[in-house]
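Please read all numbers here as calculations on a predicted model, not as lab measurements. Order of listing sets the numbers, starting from 1, for every ligand and every atom in it.
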Amino acid sequence: MSGNSKIEWTDATWNPVRGCTKISPGCAHCYAETFAERFRAVPGHPFEFGFDLRLVPEKLGDPIRWSKPKKIFVNSMSDLFHDGVPDEYIEKVCRVMMAANWHTYQVLTKRPDRMAALLKGKLRSAANAPHIWWGVSVENRKQGLPRIEKLRCAKPVVAFLSMATLNAF
Ligand code: SF4
């Protein structure tokens, strides 16, 4: 999934990682999993391996090739801060975002602990970049307030929330 997007709050999706595993109740009806699993075992399809987590280094350079400025949802089909994604690979993704700085990037996670730890350390320069937005999914009070707190502590220049439901607030 890349290039133009039908998601109303972004222009394009960029997936240098594909696949994920569930981490909270909000993952129960993961659209990415449903989409990816439809293509499992289809030879040559980007989701030939279904929703299994894998790095896609050949996609790393996509934003550099897109000359027109776009709002880009990073890893619409995964979670950049999944345990299976090495720090070094996340740093590579950030280096691309820093280099292709004519775009705006939206990085959304359900794994705020790792995101916050990296933003406070190795990824500080990316946290300070106004063209990179860092966000967490807020599902309800239990799966929301701690994530917001982690994001707040990481102090990115631009932070955002994806509010899945407000029922439990
Ligand atoms: S974290 Fe996101 S991509 Fe991963 S399983 Fe949950 S909803 Fe799907």
Discussion item. So, 4.0 Å and heavy atoms of Thr109: is ligand 1 close enough to count as a contact?
Written reply: no
Fill in: Sub-4.0 Å heavy-atom approach of Lys110 to ligand 1
yes
Worksheet item: For atom 1 (S) of ligand 1, which candidate among Arg111, Lys22, Glu139 provides the closest heavy atom?
Response: Arg111
Discussion item. Out of all atoms in ligand 1, which are within 4.0 Å of some heavy atom of Thr21? Include the element for each.
Written reply: 4 (Fe), 5 (S)
Worksheet entry | Whether Cys20 has an N, O or S atom under 2.8 Å from atom 8 (Fe) of ligand 1 | no
Fill in: Polar side-chain atom of Glu48 near backbone of Gly44 as donor-acceptor pair, under 3.5 Å
yes
Worksheet item: Is the backbone of Lys110 close enough, under 3.5 Å, to the side chain of Asp79 for a donor and an acceptor to pair up by distance?
Response: yes
Practice prompt. Describe, in one word, how the ring planes of His103 and Trp66 are oriented to each other, choosing from parallel (under 30°), tilted (30 to 60°) and perpendicular (over 60°).
Written response: perpendicular
Discussion item. Suppose I only count heavy atoms of Cys30 and a 4.0 Å limit; which atoms of ligand 1 are within that range?
Written reply: 3 (S), 5 (S), 7 (S), 8 (Fe)
Discussion item. Can you classify the ring geometry of His45 versus Phe35 as parallel (below 30°), tilted (30 to 60°) or perpendicular (above 60°)?
Written reply: tilted
Worksheet item: When you measure from atom 6 (Fe) of ligand 1 to every protein heavy atom, which one gives the shortest distance, and what is it?
Response: Cys27 SG, 2.3 Å
Worksheet item: Is the number of heavy atoms from other residues, nucleotides or ligands under 6.0 Å of Lys122 NZ greater than 12?
Response: yes
Worksheet item: Is any NZ, NE, NH1 or NH2 atom of the basic residue among Arg114 and Asp83 found under 4.0 Å from an Asp or Glu carboxylate oxygen of the other?
Response: no
